[in-house]
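The structure under discussion appears below in the form of C-alpha coordinates.
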Amino acid sequence: DQQVKQNSPSLSVQEGRISILNCDYTNSMFDYFLWYKKYPAEGPTFLISISSIKDKNEDGRFTVFLNKSAKHLSLHIVPSQPGDSAVYFCAASAGDSNYQLIWGAGTKLIIKP
Amino acid sequence: DVKVTQSSRYLVKRTGEKVFLECVQDMDHENMFWYRQDPGLGLRLIYFSYDVKMKEKGDIPEGYSVSREKKERFSLILESASTNQTSMYLCASSPNSEPQHFGDGTRLSIL
(Lines give C-alpha, C1' and ligand atoms only; values in the text may rest on other atoms or scores of the structure.)
Protein backbone atom coordinates (compact mmCIF):
# COMPACT_ATOMS: atom_id res chain seq x y z
CA ASP A 1 0.00 0.00 0.00
CA GLN A 2 1.71 3.15 -1.23
CA GLN A 3 1.29 5.97 1.24
CA VAL A 4 2.78 8.54 -1.14
CA LYS A 5 1.62 8.44 -4.75
CA GLN A 6 2.82 10.25 -7.82
CA ASN A 7 0.27 9.15 -10.37
CA SER A 8 1.96 10.60 -13.43
CA PRO A 9 5.02 8.58 -14.44
CA SER A 10 5.98 11.30 -16.93
CA LEU A 11 5.11 14.85 -17.93
CA SER A 12 6.12 16.82 -21.02
CA VAL A 13 6.11 20.65 -20.91
CA GLN A 14 7.16 23.35 -23.34
CA GLU A 15 10.16 25.44 -22.33
CA GLY A 16 9.04 28.68 -20.69
CA ARG A 17 5.65 27.31 -19.59
CA ILE A 18 4.63 26.16 -16.12
CA SER A 19 5.34 22.60 -14.97
CA ILE A 20 3.02 21.19 -12.30
CA LEU A 21 3.96 17.96 -10.60
CA ASN A 22 1.47 16.33 -8.27
CA CYS A 23 1.71 14.12 -5.21
CA ASP A 24 -1.03 12.54 -3.07
CA TYR A 25 -0.66 10.94 0.34
CA THR A 26 -2.88 8.79 2.51
CA ASN A 27 -1.37 9.06 5.99
CA SER A 28 -2.85 12.01 7.89
CA MET A 29 0.10 11.86 10.32
CA PHE A 30 2.49 13.17 7.66
CA ASP A 31 3.46 16.72 8.52
CA TYR A 32 6.60 17.42 6.54
CA PHE A 33 6.99 17.08 2.79
CA LEU A 34 9.98 17.36 0.49
CA TRP A 35 10.67 17.40 -3.23
CA TYR A 36 13.87 15.97 -4.66
CA LYS A 37 15.18 16.12 -8.20
CA LYS A 38 17.23 13.35 -9.79
CA TYR A 39 19.31 13.40 -12.95
CA PRO A 40 20.37 10.10 -14.58
CA ALA A 41 23.45 8.53 -12.98
CA GLU A 42 23.28 10.95 -10.03
CA GLY A 43 21.72 10.76 -6.59
CA PRO A 44 18.60 12.78 -5.73
CA THR A 45 19.18 16.39 -4.69
CA PHE A 46 16.94 18.28 -2.31
CA LEU A 47 14.80 20.94 -3.99
CA ILE A 48 12.22 22.37 -1.61
CA SER A 49 10.19 21.39 1.44
CA ILE A 50 7.04 22.40 3.27
CA SER A 51 5.76 21.91 6.79
CA SER A 52 2.08 21.17 7.41
CA ILE A 53 1.69 24.48 9.25
CA LYS A 54 2.05 26.21 5.88
CA ASP A 55 0.14 25.87 2.63
CA LYS A 56 2.77 27.38 0.36
CA ASN A 57 6.54 27.65 0.18
CA GLU A 58 8.44 29.45 -2.55
CA ASP A 59 12.08 29.36 -3.62
CA GLY A 60 12.89 31.17 -6.84
CA ARG A 61 11.17 29.40 -9.75
CA PHE A 62 9.93 26.60 -7.48
CA THR A 63 6.77 26.74 -5.37
CA VAL A 64 5.24 23.92 -3.38
CA PHE A 65 1.55 24.01 -2.44
CA LEU A 66 0.02 21.85 0.28
CA ASN A 67 -3.69 21.06 0.56
CA LYS A 68 -4.04 19.14 3.81
CA SER A 69 -7.76 18.49 3.51
CA ALA A 70 -7.23 16.86 0.11
CA LYS A 71 -3.93 15.24 1.20
CA HIS A 72 -2.35 16.66 -1.91
CA LEU A 73 0.73 18.64 -2.71
CA SER A 74 2.07 20.03 -5.92
CA LEU A 75 5.33 21.47 -7.19
CA HIS A 76 5.15 24.36 -9.64
CA ILE A 77 8.12 25.32 -11.78
CA VAL A 78 7.84 28.68 -13.55
CA PRO A 79 9.23 29.21 -16.10
CA SER A 80 10.36 25.71 -17.05
CA GLN A 81 13.90 25.43 -18.39
CA PRO A 82 15.71 22.60 -20.23
CA GLY A 83 17.83 21.91 -17.14
CA ASP A 84 14.65 21.06 -15.25
CA SER A 85 14.34 17.82 -17.22
CA ALA A 86 14.77 15.17 -14.51
CA VAL A 87 12.85 12.76 -12.31
CA TYR A 88 11.09 14.47 -9.40
CA PHE A 89 10.36 12.58 -6.20
CA CYS A 90 7.93 13.60 -3.51
CA ALA A 91 8.64 12.39 0.06
CA ALA A 92 6.83 12.70 3.38
CA SER A 93 7.53 12.15 7.05
CA ALA A 94 5.54 12.10 10.27
CA GLY A 95 6.42 13.78 13.55
CA ASP A 96 9.84 15.12 14.37
CA SER A 97 11.59 12.62 12.20
CA ASN A 98 13.94 13.07 9.31
CA TYR A 99 14.51 9.35 9.33
CA GLN A 100 11.51 7.57 7.99
CA LEU A 101 10.84 9.35 4.75
CA ILE A 102 8.19 7.69 2.60
CA TRP A 103 8.82 8.27 -1.08
CA GLY A 104 6.67 8.43 -4.16
CA ALA A 105 7.64 6.54 -7.31
CA GLY A 106 8.74 9.68 -9.13
CA THR A 107 7.61 11.70 -12.16
CA LYS A 108 9.88 12.14 -15.16
CA LEU A 109 9.67 15.74 -16.37
CA ILE A 110 10.68 16.45 -19.96
CA ILE A 111 11.08 20.07 -21.03
CA LYS A 112 10.68 20.48 -24.77
CA PRO A 113 12.57 23.31 -26.55
CA ASP B 1 29.41 21.41 -0.31
CA VAL B 2 28.34 18.11 1.20
CA LYS B 3 29.93 15.07 -0.36
CA VAL B 4 28.54 11.56 0.02
CA THR B 5 30.76 9.05 -1.71
CA GLN B 6 29.74 5.51 -2.58
CA SER B 7 32.69 3.23 -3.26
CA SER B 8 31.43 1.69 -6.50
CA ARG B 9 29.19 2.96 -9.29
CA TYR B 10 28.65 -0.51 -10.75
CA LEU B 11 29.07 -3.92 -9.16
CA VAL B 12 28.41 -7.44 -10.43
CA LYS B 13 28.30 -10.32 -7.97
CA ARG B 14 27.08 -13.92 -7.90
CA THR B 15 24.26 -15.42 -5.86
CA GLY B 16 25.35 -16.53 -2.44
CA GLU B 17 28.26 -14.09 -2.24
CA LYS B 18 28.66 -11.71 0.70
CA VAL B 19 28.58 -8.17 -0.70
CA PHE B 20 29.78 -4.97 0.93
CA LEU B 21 28.64 -1.51 -0.19
CA GLU B 22 30.55 1.37 1.37
CA CYS B 23 29.47 4.95 1.91
CA VAL B 24 31.47 7.87 3.30
CA GLN B 25 30.31 11.40 4.09
CA ASP B 26 32.56 14.36 4.79
CA MET B 27 30.25 16.71 6.72
CA ASP B 28 30.16 15.16 10.19
CA HIS B 29 26.46 14.35 9.81
CA GLU B 30 24.81 12.39 12.60
CA ASN B 31 22.45 10.42 10.40
CA MET B 32 23.15 8.02 7.55
CA PHE B 33 20.78 5.98 5.40
CA TRP B 34 20.72 3.15 2.90
CA TYR B 35 17.94 2.95 0.29
CA ARG B 36 17.25 0.86 -2.73
CA GLN B 37 15.53 2.30 -5.78
CA ASP B 38 13.53 0.11 -8.11
CA PRO B 39 11.45 1.18 -11.14
CA GLY B 40 7.92 2.18 -10.18
CA LEU B 41 8.61 1.90 -6.46
CA GLY B 42 10.56 5.02 -5.59
CA LEU B 43 13.13 4.84 -2.81
CA ARG B 44 12.69 2.32 0.00
CA LEU B 45 14.61 2.60 3.25
CA ILE B 46 16.68 -0.45 4.18
CA TYR B 47 18.47 0.75 7.34
CA PHE B 48 19.47 4.00 8.94
CA SER B 49 21.84 5.06 11.68
CA TYR B 50 21.58 8.12 13.93
CA ASP B 51 24.91 7.67 15.70
CA VAL B 52 28.06 5.59 15.67
CA LYS B 53 27.31 1.92 16.36
CA MET B 54 23.55 2.65 16.32
CA LYS B 55 21.27 1.24 13.65
CA GLU B 56 17.56 1.03 12.99
CA LYS B 57 15.62 -1.11 10.54
CA GLY B 58 13.81 0.64 7.75
CA ASP B 59 11.00 -0.72 5.63
CA ILE B 60 12.86 -3.58 3.92
CA PRO B 61 15.77 -4.82 6.12
CA GLU B 62 15.44 -8.53 5.31
CA GLY B 63 18.58 -9.94 3.73
CA TYR B 64 20.68 -6.92 4.70
CA SER B 65 22.78 -5.77 7.62
CA VAL B 66 24.72 -2.57 8.29
CA SER B 67 27.77 -1.38 10.15
CA ARG B 68 28.69 2.06 11.43
CA GLU B 69 31.98 1.91 13.31
CA LYS B 70 32.96 5.51 12.50
CA LYS B 71 30.74 8.55 12.12
CA GLU B 72 31.68 9.18 8.50
CA ARG B 73 31.25 5.61 7.21
CA PHE B 74 28.14 3.49 6.82
CA SER B 75 28.38 0.05 5.24
CA LEU B 76 25.59 -2.07 3.80
CA ILE B 77 26.12 -5.82 3.79
CA LEU B 78 24.25 -8.39 1.76
CA GLU B 79 24.86 -11.53 3.77
CA SER B 80 24.12 -13.96 0.93
CA ALA B 81 23.27 -12.12 -2.27
CA SER B 82 20.19 -13.16 -4.22
CA THR B 83 18.94 -12.12 -7.65
CA ASN B 84 16.05 -10.13 -6.13
CA GLN B 85 18.64 -7.83 -4.58
CA THR B 86 19.65 -6.57 -8.01
CA SER B 87 18.90 -2.87 -7.70
CA MET B 88 20.21 0.68 -7.44
CA TYR B 89 21.48 1.35 -3.92
CA LEU B 90 21.60 4.89 -2.62
CA CYS B 91 23.35 6.16 0.48
CA ALA B 92 22.40 9.44 2.16
CA SER B 93 23.45 11.49 5.16
CA SER B 94 21.94 14.39 7.06
CA PRO B 95 22.31 16.52 10.16
CA ASN B 96 19.38 16.30 12.57
CA SER B 97 16.13 17.78 11.23
CA GLU B 98 17.59 18.73 7.85
CA PRO B 99 17.15 17.23 4.38
CA GLN B 100 19.19 14.24 3.33
CA HIS B 101 22.11 14.46 0.92
CA PHE B 102 22.63 11.55 -1.44
CA GLY B 103 25.54 9.81 -3.09
CA ASP B 104 25.40 8.95 -6.79
CA GLY B 105 24.36 5.36 -6.19
CA THR B 106 25.70 1.87 -6.80
CA ARG B 107 24.04 -0.21 -9.47
CA LEU B 108 24.34 -3.78 -8.19
CA SER B 109 23.67 -6.81 -10.37
CA ILE B 110 23.43 -10.26 -8.83
CA LEU B 111 23.86 -13.07 -11.35
Side-chain angles (χ1 to χ4, degrees), chain A residues 1-10 21-27 30-53 57 59 62 64 73 75 86-108, chain B residues 1-10 21 23-25 27 29-51 54-61 66 68 74 87-107:
Chain A
D1 181 32
Q2 281 191 297
Q3 297 185 64
V4 176
K5 295 180 184 178
Q6 295 178 254
N7 290 318
S8 298
S10 65
L21 296 102
N22 294 303
C23 179
D24 295 296
Y25 61 96
T26 57
N27 189 339
F30 288 151
D31 58 3
Y32 185 61
F33 304 88
L34 307 92
W35 285 94
Y36 278 77
K37 173 179 176 180
K38 185 180 185 301
Y39 293 120
E42 294 184 12
T45 55
F46 170 71
L47 200 53
I48 193 168
S49 63
I50 188 166
S51 162
S52 61
I53 62 172
N57 189 25
D59 184 3
F62 302 92
V64 56
L73 65 156
L75 175 68
V87 177
Y88 290 79
F89 290 98
C90 166
S93 69
D96 184 25
S97 173
N98 182 37
Y99 307 139
Q100 298 271 31
L101 289 179
I102 306 299
W103 295 74
T107 296
K108 184 176 184 177
Chain B
D1 236 12
V2 177
K3 189 143 183 72
V4 179
T5 303
Q6 294 184 230
S7 54
S8 304
R9 294 299 301 270
Y10 301 95
L21 302 183
C23 176
V24 176
Q25 51 101 357
M27 287 302 291
H29 288 167
E30 291 83 6
N31 309 307
M32 295 189 76
F33 309 82
W34 274 106
Y35 293 90
R36 62 179 282 178
Q37 183 194 355
D38 299 290
L41 292 178
L43 279 70
R44 292 181 292 166
L45 182 64
I46 304 171
Y47 268 96
F48 66 94
S49 168
Y50 53 88
D51 202 351
M54 305 303 289
K55 59 185 178 184
E56 293 285 342
K57 292 179 181 178
D59 300 317
I60 50 164
V66 290
R68 194 168 181 200
F74 193 35
S87 187
M88 169 68 83
Y89 288 87
L90 290 161
C91 174
S93 73
S94 74
N96 287 330
S97 301
E98 289 193 23
Q100 298 173 23
H101 300 263
F102 284 83
D104 286 338
T106 296
R107 186 165 291 283

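Sequence lines set the chain letters: A, B, ... in the order given, protein chains first and strands last, and positions in each chain run from 1. Worth saying up front: this structure is predicted, and the values here are computed from it rather than measured.
- Listed by chain and number, the residues in a side chain to side chain donor-acceptor pair (under 3.5 Å) with H29(B) are S93(B) (sequence neighbours excluded).
- When all heavy atoms of Y32(A) and P99(B) are compared, the closest pair comes out as OH-CG, 4.4 Å.
- When all heavy atoms are compared, the tightest approach of G40(B) to A105(A) is O-CB, 3.4 Å.
- Taking Q6(B) as the reference, T106(B) meet the side chain to side chain donor-acceptor pair (under 3.5 Å) condition, with sequence neighbours excluded.
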Check against side-chain contact (heavy atoms from CB on, under 4.5 Å), L101(A) and F33(B): CA-CA 11 Å; L101(A) 289 179; F33(B) 309 82; over 6 Å; no

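- Residues of residues 37-46 of chain A that come closer than 4.5 Å to chain B, counting heavy atoms only, are K38(A), A41(A), E42(A), G43(A), P44(A), F46(A), ordered by residue number.
- Remark: R44(B) pairs with D38(B) by the salt bridge (Lys or Arg N to Asp or Glu O under 4.0 Å) rule, at least two apart or across chains.
- If you measure heavy-atom distances from L43(B) to chain A, the contacts under 4.5 Å come from both the backbone and the side chain.
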Let's go through W103(A) and Q37(B) carefully: what are the C-alpha distance in whole Å and the side-chain angles of both, what is the deciding distance for side-chain contact (heavy atoms from CB on, under 4.5 Å) to 0.1 Å, and is it a yes or a no? CA-CA 10 Å; W103(A) 295 74; Q37(B) 183 194 355; over 6 Å; no

